[in-house]
Protein chains: 2
Amino acid sequence: MRPTLQTVADAVGVSRSTVSNAYSNPDQLSAELREKIFEVARKIGYPGPNPAARSLRRGRAGAIGVLFTDSLPYAFTDPYAVQYLRGVSEAAERYDSGLLLVPLAGDEKAGIHAVQNAAVDGFCIYCVPEWHWATDAIRSRGLPIVTSEQHDDDRPDVLYVGIDERGAARAAAAHLVALGHRQVAFLSDYVVPERITAPVHIASPEEVRYYTAGERLRGFRDAFAEAGVAWADITVLSAAANSREDGARAAAYALDRADRPTAILAVTDLLALGVLDALAVRGLRPGRDVSVTGFDDIPEAGAAGLTTIRQDPIERGRRSGELLLDPPDDPASRRVLLPTELVVRASTGPAPHGWS
Amino acid sequence: MRPTLQTVADAVGVSRSTVSNAYSNPDQLSAELREKIFEVARKIGYPGPNPAARSLRRGRAGAIGVLFTDSLPYAFTDPYAVQYLRGVSEAAERYDSGLLLVPLAGDEKAGIHAVQNAAVDGFCIYCVPEWHWATDAIRSRGLPIVTSEQHDDDRPDVLYVGIDERGAARAAAAHLVALGHRQVAFLSDYVVPERITAPVHIASPEEVRYYTAGERLRGFRDAFAEAGVAWADITVLSAAANSREDGARAAAYALDRADRPTAILAVTDLLALGVLDALAVRGLRPGRDVSVTGFDDIPEAGAAGLTTIRQDPIERGRRSGELLLDPPDDPASRRVLLPTELVVRASTGPAPHGWS
DNA sequence: CGGCCCTTCTGTATCGATCCAGAAGTCTTC
DNA sequence: GAAGACTTCTGGATCGATACAGAAGGGCCG
């Protein structure tokens with residue numbers, strides 16, 4: 001028979017409430033009594049208040065749910081995702097909460113089941129499309145959600161932490177425009193539903209259903225459109241996954257052509273690093289023969305001299321967690337926009353003569 | 001007012017128990033009634049049984065706790081750890097449980113607090129020394145633990161999933177002995193408490209307090225001792241962390257000497273890959289000028305042609321999770337020893353003449 | 001047709017804590 | 001010295017589900 005609050009209370013000779021207060025409301029009883037209670041609890045082997053009972057009574061689960069599409073290993077290969085998770089875990093710690101991972105690896109039915117049974121106070125969803133079935137499952141539980149995707153039709157109950165994806169991407173592209181680049185390629189994952197690594201034709205970035213990729217491509221497009229470069233004259237490369245390897249494979253399609261672009265704009269650093277790999281294999285010099293930009297500023301980007309857009313994933317995770325556990329009453333502050341910064345490094349330079 | 005089982009029961013006109021059975025014991029009521037209950041529940045907006053209440057009543061938290069020392073990001077840089085986690089999550093899914101991460105990032109007090117409040121049915125501890133304070137905190141809660149460390153004095157309540165660390169390491173070393181290597185260096189993290197990257201002097205591997213590193217070094221020692229190589233004649237290199245960079249830095253101390261070793265045995269693949277990097281920088285050929293062995297067989301090891309000991313981290317994680325959630329009555333099967341295999345690749349070859 | 005089993009559903013007790021109104025005792029204060 | 005304020009502790013109600021014993025009804029068999 002496991003000891004409970006009552007067991008301890010009886011042993012000390014006080015009421016159950018007092019023992020509870022010893023653990024949860026120290027200012028409600030004298031320090032000596034509190035010490036005495038702890039001592040007896042230790043002797044009896046009472047492990048402290050049962051988390052399930054506490055959750056039930058308090059109406060708080062004491063954990064943040066984090067949704068992952070695809071497999072866990074895939075998620076962890078993305079350094080940005082890992083940093084984000086770290087930020088969320090910092091917020092969780094501050095609010096005395098845990099971090100419950102909910103992988104959506106199996107089929108839809110299993111995933112919905114997992115979401116419905118998770119003992120959490122809300123979900124931080126990351127890299128999960130807004131229209132994903134899992135978000136409906138969360139909504140139907142009435143739990144708050146923090147997304148990283150901005151929507152016009154967002155209801156007031158949806159929390160948001162993100163960046164101005166489109167504006168930031170536009171800044172990166174404007175930098176290349178200023179350097180004289182006019183013949184360019186855009187590289188992105190999630191461009192088309194098929195998830196292939198190949199050049200693809202899409203009528204406009206508005207066709208891209210995946211939020212982050214779509215917004216960034218729109219930003220790229222905006223800057224070049226302003227400089228008079230038509231969408232039809234831009235090569236769009238699709239990568240099957242957000243990985244260095246797929247970035248390199250996709251870049252090959254553009255680099256091995258006679259009219260190779262003078263610059264390649266990738267929607268993530270991982271893809272951009274792949275482009276650098278592809279350049280190295282061909283003996284092409286980044287920033288001279290071909291300029292390359294990334295997005296995120298992961299640690300490897302600095303080492304590789306990659307021009308990119310810096311954003312702070314830890315801060316993003318932290319703010320997400322905080323917003324979830326302690327939502328402000330003011331509707332305006334339920335949507336947080338974090339700053340970004342263009343970091344110019346050696347991978348971008350003036351467009352080579354004769355090409356532009 | 002949020003709807004509960006009772007709300008639904010009243011709306012349908014049945015008892016609370018029947019609604020509960022609809023969700024949890026489908027064979028206890030007719031299919032038509034079950035459908036009707038679900039339909040009404042959907043209409044009312046009942047999100048399904050409250051996880052906290054269910055946990056309390058069932059006496060099962062429905063989650064596996066995973067303890068991480070250090071920071072989350074550090075843990076996720078280790079590909080082996082990520083694979084392990086994936087295995088645990090597979091087991092969790094099978095038993096309808098979640099995965100609660102408990103990072104021990106903060107100070108000890110915060111960590112103990114986190115462990116005590118985690119709503120879990122037990123912990124899988126990985127890369128956490130057996131004597132760590134956190135394990136005491138778990139024990140005092142009376143929760144089961146799955147460790148990966150073998151101990152003579154283990155109590156029967158401790159579950160174990162691991163490999164024959166010492167025997168496997170011995171096999172790798174024996175392979176090098178057979179190739180004629182006699183002048184060697186061992187490379188490991190956690191050798192000395194100071195966590196430095198430098199050659200260190202220790203009287204014997206028995207001094208190493210960290211289980212995995214200690215056992216593997218003992219295995220290396222065993223094989224070379226049998227071949228007549230004294231411990232005093234072996235260089236021990238300490239790496240500050242289990243990373244490629246520290247592996248390369250540590251290897252430099254052995255490679256830049258006149259009497260450089262003909263082989264370097266690392267206790268992890270990550271460190272061994274660092275050694276290969278150090279060789280490359282110096283124009284030394286792995287498997288010809290210097291042989292290198294690793295441990296774990298992470299994916300990168302295959303690509304790099306690294307001779308190593310293969311073990312299956314996913315399987316290890318899965319078995320750990322299964323053992324935790326469904327411990328067998330038979331004490332013997334509460335300790336699982338997984339197989340390992342020596343994988344010989346290009347990074348090892350005969351000892352060069354004139355050195356051995 | 002009575003007895004028995006089987007399916008389907010009900011009612012009560014219970015899991016282990018927290019909340020809150022209030023009681024008892026102590027200390028100020030006029 | 002009585003009223004009021006403050007500290008410290010108590011008891012009962014409650015959070016939302018599940019377990020289990022048992023009741024009601026229908027079908028089968030001898």
Side-chain angles (χ1 to χ4, degrees), chain A residues 1-38 40-41 44-63 96 116-121 141-143, chain B residues 1-38 40-41 44-63 96 116-121 141-143:
Chain A
M1 190 60 200
R2 298 185 60 74
T4 71
L5 272 191
Q6 188 70 65
T7 322
V8 178
D10 292 346
V12 179
V14 294
S15 84
R16 185 171 65 250
S17 308
T18 302
V19 180
S20 171
N21 284 331
Y23 283 95
S24 310
N25 302 82
D27 57 331
Q28 294 293 304
L29 74 174
S30 66
E32 308 92 73
L33 180 57
R34 182 157 187 256
E35 265 318 305
K36 191 173 157 199
I37 288 175
F38 284 161
V40 172
I44 294 184
Y46 175 66
N50 176 315
R54 168 178 277 178
S55 289
L56 174 59
R57 184 60 248 233
R58 287 197 179 159
R60 246 198 78 203
D96 221 57
Q116 283 174 337
N117 286 309
V120 298
D121 295 310
R141 268 190 69 180
L143 292 176
Chain B
M1 190 59 199
R2 298 186 60 75
T4 71
L5 271 190
Q6 187 70 66
T7 321
V8 179
D10 294 346
V12 180
V14 295
S15 85
R16 188 168 60 251
S17 308
T18 302
V19 180
S20 172
N21 283 333
Y23 284 95
S24 310
N25 301 83
D27 57 330
Q28 294 294 303
L29 74 175
S30 64
E32 308 92 73
L33 180 56
R34 183 158 185 255
E35 265 318 306
K36 191 174 159 200
I37 288 175
F38 285 159
V40 172
I44 295 185
Y46 175 66
N50 177 315
R54 167 178 278 178
S55 289
L56 176 59
R57 184 62 246 236
R58 293 225 253 232
R60 245 197 81 204
D96 220 55
Q116 283 173 338
N117 286 310
V120 298
D121 294 311
R141 269 189 68 178
L143 292 177

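The figures here come from the full heavy-atom set of this structure, side chains too, leaving out hydrogens, waters and symmetry mates. First the proteins, then the strands, lettered A, B, ... as listed; each starts at 1.
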Phosphate OP1/OP2 of [N] contacted by [X] side-chain N/O (<4.0 Å):
{"X": "Ser30(A)", "N": "dT8(D)", "answer": "no"}
{"X": "Thr18(A)", "N": "dT10(D)", "answer": "yes"}
{"X": "Ser24(B)", "N": "dT18(D)", "answer": "yes"}
{"X": "Arg57(A)", "N": "dT14(D)", "answer": "no"}
{"X": "Tyr23(B)", "N": "dG16(D)", "answer": "no"}
{"X": "Ser15(A)", "N": "dT10(D)", "answer": "yes"}

Would you indicate what Ser17(B) reaches in the nucleic acid, counting non-hydrogen atoms under 4.0 angstrom: base, sugar-phosphate, or nothing?
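Ser17(B): base contact, heavy atoms under 4.0 Å.
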
What nucleic acid atoms does Leu56(B) come within less than 4.0 Å of, heavy atoms only: base, sugar-phosphate, or nothing?
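Here Leu56(B) touches the bases of the nucleic acid.
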
Distance in angstrom units between [X] [atom1] and [N] [atom2], rounded:
{"X": "Asn21(B)", "N": "dT7(C)", "atom1": "CG", "atom2": "P", "value": "15 Å"}
{"X": "Arg58(B)", "N": "dG16(D)", "atom1": "CZ", "atom2": "C1'", "value": "13 Å"}
{"X": "Ile37(A)", "N": "dT8(D)", "atom1": "CD1", "atom2": "P", "value": "13 Å"}
{"X": "Arg54(A)", "N": "dC19(C)", "atom1": "CZ", "atom2": "P", "value": "9 Å"}
{"X": "Arg16(A)", "N": "dC20(C)", "atom1": "CZ", "atom2": "P", "value": "16 Å"}

Does anything in residues 5-14 of chain A come within less than 4.0 Å of DNA chain D? Heavy atoms only, and list the residues if so.
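Going residue by residue through residues 5-14 of chain A, the ones with a heavy atom under 4.0 Å of DNA chain D turn out to be Val14(A).
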
Restricting to nitrogen or oxygen on both sides, can you table the protein-nucleotides 23-25 of chain D pairs closer than 3.5 Å?
none

